[in-house]
Number of protein chains: 2
Amino acid sequence: MKAAARHLRIRELLESQEFVDQDVLCAELRASESSVRRDLITLESEGVLKRVYGGAMAMQPRDTALDFDWQSGRMAAEKRRIAALAATLVEDNQTVLLDGGSTVAAVATALLGRSLHVMTNSLAIAEVFRDARQIDVTLTGGYVYPRLRALLGPLCEQMISSITADVLIMGIGGITAEGFSNSNTLVVGPERKMIEAAHKVIVVADHTKFGRAAVTHLASLDVADVVVSDAELPQEHQALLRQHGIQLLLA
Amino acid sequence: MKAAARHLRIRELLESQEFVDQDVLCAELRASESSVRRDLITLESEGVLKRVYGGAMAMQPRDTALDFDWQSGRMAAEKRRIAALAATLVEDNQTVLLDGGSTVAAVATALLGRSLHVMTNSLAIAEVFRDARQIDVTLTGGYVYPRLRALLGPLCEQMISSITADVLIMGIGGITAEGFSNSNTLVVGPERKMIEAAHKVIVVADHTKFGRAAVTHLASLDVADVVVSDAELPQEHQALLRQHGIQLLLA
DNA sequence: GCTAATTTGATCGATTTTGATTGACTTTGA
DNA sequence: TCAAAGTCAATCAAAATCGATCAAATTAGC
């Protein structure tokens, strides 16, 4: 197995386990102890994991980006402004698909008090609407992924395939000319289904997400109808989106 | 097992139990007394636990699991006994369907620490397993019914129909000769599907549920394989169940 | 096809962790 | 109170892991 493939697989393993054993990695990756060790050194320098005696630990025990901390992050103010703007694009009584991104969680709070039908695969977002009596919430089923507090897997995708929504609001890990990408391999499956299920696709992403590709390619730029970002977004990226006929809104 | 993995497992165990025994840890972690002792010293210095003679205590009293209402109810002690007994009927690595009843939630806590695949339509129960790394949780999708914190409706039923489980543990509102009944009309739909999906049906109900019919008829007595109740259950009701070939266990 | 650069797997001494042992200490129960 | 059983801390040899090095294998560039 090639180095890049190994790195990907290690990241993937660390998404479902907090600790991976050296021996297990050697077997799983069909690579020598030395190679695995080098991989771990590389990934540690990238901040993906922390090396410990006999293996490696996942860097964040729970994915902070997608957990409840989203309110206190560094980009909190930007996110709130983006979220508020994105929320205005939703009309009352629409059916809204929300994915599990942290910016999307901010959109969810901005939607509180509206009259809507919300569908999501994120337990954290369902939690946001817990006391919102005006909002009907439907959860997709699926495997509960503890670190992301999201529902994933074939059952989830199958469920999303069987429904239709007026609008999808989706967070994203990276945006380049090649398209949208996400940092977590597992979430792209449901997200692709969500894109298919929604009449209108709104992507929310602060300017730091532009020009960089996250691990997993999600979809080409064409799938988005609207992108909501902040005013610091460089002109070149603005132009890129407009070339693809995407409506761009800056908070 | 490597040190890092052991530390994780110890933390995990302390989330579901206030106290862990030295011997139990040695067996669970497949490590020597010395190693376990060293682990405990490390974790104590990290403030995770407090070492006591013969084992270790959890540092902060686990809150999440305890402040759910079902533990403070009037029948709390009975429920815990019934739950503990019902939990013994589940074998490791089985797929277990859990409905959303309060007694079932008690069973869920009794299952913590086991190695299982759990499927449920209750958000409260999914919450119980939030930090149980040995337990895979799958949520059925569906409409989020805020008052019950459960997933219901056609999407939910459709999802349950598409799966199979080794055993179903179901709470019940009323038991009479006519069969099982439940107090909430909405939950019986998913429950009927669960009965179909499971190879073995275990009903948990304290003795107060016998001899009274709740609002909605759910199913005949024949669907149950085992009923777990408490010792105060009158003979006549015990006889009724046995007539239907149901195994009766009294906690 | 050939060469240079990179990646891989094996080896070895240094370091860390582990499990067994010993004697001192604590708890238990009569 | 005392003795027996259980637990603890300290020590040490054995085992496992690590980091560094180097030759072989693979890949990339020309």
Side-chain angles (χ1 to χ4, degrees), chain A residues 1-61 174 176-178 181 183 185 212-217, chain B residues 1-62 113 115 133-134:
Chain A
M1 199 186 268
K2 308 264 171 70
R6 290 202 306 272
H7 291 190
L8 233 50
R9 185 84 188 98
I10 293 172
R11 296 177 101 111
E12 213 172 298
L13 284 168
L14 280 175
E15 275 161 15
S16 60
Q17 308 168 227
E18 204 156 352
F19 170 81
V20 278
D21 193 288
Q22 180 93 273
D23 301 337
V24 173
L25 282 177
C26 290
E28 178 73 28
L29 306 172
R30 283 154 219 279
S32 72
E33 196 186 309
S34 302
S35 294
V36 169
R37 180 164 297 119
R38 277 186 285 255
D39 290 340
L40 294 184
I41 290 171
T42 307
L43 290 171
E44 180 171 43
S45 73
E46 289 175 14
V48 175
L49 52 81
K50 180 171 157 57
R51 240 143 63 84
V52 294
Y53 203 89
M57 304 271 290
M59 213 33 171
Q60 294 132 327
T176 63
E178 283 71 43
S181 53
S183 52
T185 318
R212 73 175 200 204
V215 189
T216 315
H217 178 78
Chain B
M1 201 188 268
K2 309 265 165 83
R6 290 202 306 271
H7 291 186
L8 282 176
R9 185 84 186 99
I10 293 172
R11 296 177 102 111
E12 190 182 321
L13 283 169
L14 281 175
E15 274 161 15
S16 58
Q17 327 171 200
E18 202 82 11
F19 170 81
V20 278
D21 192 277
Q22 181 93 275
D23 300 337
V24 174
L25 281 178
C26 290
E28 178 73 28
L29 305 172
R30 284 157 221 275
S32 71
E33 198 186 308
S34 302
S35 294
V36 169
R37 179 162 296 120
R38 277 186 285 254
D39 290 339
L40 295 183
I41 290 171
T42 307
L43 290 171
E44 180 170 44
S45 73
E46 289 175 11
V48 175
L49 52 80
K50 182 170 157 55
R51 239 143 63 83
V52 294
Y53 203 88
M57 303 278 290
M59 214 32 169
Q60 68 267 47
R62 61 211 159 89
S115 172
R133 301 223 161 64
Q134 294 281 96

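Proteins come first, then strands; the chains are lettered A, B, ... in the order of their sequence lines, and each starts at number 1. What's counted below: heavy atoms across the whole structure, side chains too, no hydrogens, waters or symmetry copies.
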J.: Starting at CZ of Arg30(B) and ending at P of dT18(C), how long is that distance when rounded to a whole Å?
T.: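 From Arg30(B) CZ to dT18(C) P: 16 Å.
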J.: Over how many whole Å does the gap from Leu25(A) atom CG to dC18(D) atom P extend?
T.: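 Interatomic distance, CG of Leu25(A) to P of dC18(D): 11 Å.
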J.: Rounded to whole angstroms, how far apart are CZ on Arg6(A) and P on dT6(C)?
T.: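 For the pair Arg6(A) CZ and dT6(C) P, the rounded distance is 17 Å.
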J.: To the nearest 0.5 Å, tell me how far Arg37(B) CZ sits from Thr42(B) OG1.
T.: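 Rounded to the nearest 0.5 Å, the CZ-OG1 separation comes out at 12.5 Å.
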J.: For a quick check of understanding: with a heavy-atom distance under 4.0 Å over all strands, which category does Val52(B) fall into, base, sugar-phosphate or nothing?
T.: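 Counting heavy atoms under 4.0 Å across all strands, the contact made by Val52(B) is with sugar-phosphate only.
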J.: Report yes if a side-chain nitrogen or oxygen of Lys2(B) is closer than 4.0 Å to either non-bridging phosphate oxygen (OP1 or OP2) of dT17(D); otherwise report no.
T.: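 Indeed, a polar side-chain atom of Lys2(B) lies that close.
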J.: Do Arg38(B) and dG19(C) have a side chain to base donor-acceptor pair shorter than 3.5 Å?
T.: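 Indeed, a donor on one side and an acceptor on the other fall under 3.5 Å apart.
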J.: For Lys50(B) and dC8(D), what is the distance between atoms NZ and C1' respectively, to the nearest whole Å?
T.: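 Distance check: Lys50(B) NZ to dC8(D) C1' gives 15 Å.
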J.: Using a cut-off of strictly less than 4.0 Å, decide whether Gln22(A) has a side-chain nitrogen or oxygen near OP1 or OP2 of dA16(D).
T.: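 The answer is no; no side-chain N or O of Gln22(A) sits under 4.0 Å from OP1 or OP2.
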J.: Would the base of dA10(C) count as contacting Ser34(A) through its side chain, where contact means a donor and an acceptor less than 3.5 Å apart?
T.: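 Donor-acceptor pair under 3.5 Å: yes.
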J.: Starting from C1' on dT17(D), measure out to CD1 on Ile41(A) and report it in whole angstrom.
T.: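 Distance, rounded to whole Å: 13 Å.
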J.: Could you please name the option among dC18(D), dT7(D), dC8(D) that lies closest to any side-chain atom of Arg51(B)?
T.: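 Of all the options, the side chain of Arg51(B) is nearest to dC8(D).
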J.: Side chain of Tyr53(A), base of dT16(C): donor and acceptor closer than 3.5 Å?
T.: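 Between dT16(C) and Tyr53(A), which were checked side chain against base, a qualifying N/O pair under 3.5 Å is present.
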J.: Find the distance Phe19(B):CZ to dT7(D):P and express it as a whole number of Å.
T.: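 After rounding, the gap between these two atoms is 9 Å.
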J.: Any carboxylate oxygen within less than 4.0 angstrom of a Lys/Arg side-chain nitrogen, looking at Arg11(B) and Glu46(B)?
T.: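 Yes.
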J.: Of the options dG19(D), dA9(D), dA10(C), whose atoms approach the side-chain atoms of Ser32(A) most closely?
T.: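 My answer, after comparing the listed nucleotides, is dA10(C).
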J.: Got a salt bridge between Asp23(A) and Lys2(B), using NZ or NE/NH1/NH2 to carboxylate O under 4.0 Å?
T.: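 Result for this pair is yes, salt bridge flagged.
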J.: Nearest whole angstrom, please: distance from the P of dA9(D) to the CD of Glu44(B).
T.: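 Computing the Glu44(B):CD to dA9(D):P distance gives 9 Å.
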J.: Please report the distance, rounded to the nearest Å, between CD in Glu33(B) and P in dG23(C).
T.: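 In whole Å, dG23(C) P lies 16 Å from Glu33(B) CD.
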J.: To the side chain of Ala3(B), which of dT18(C), dT17(D), dT27(D) is closest?
T.: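 Minimum distance to the Ala3(B) side chain belongs to dT18(C).
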J.: Out of dT17(D), dC8(D), dT18(C), which nucleotide sits closest to the side chain of Arg37(A)?
T.: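 The answer is dT17(D).
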J.: Closest approach of Met57(A) and Ala4(B), non-hydrogen atoms and distance?
T.: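 Shortest heavy-atom contact: SD-CB, 3.8 Å.
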J.: Indicate the atoms forming the closest heavy-atom contact of Gly55(B) with Leu40(B), along with that distance.
T.: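 Shortest heavy-atom contact: O-CD1, 4.1 Å.
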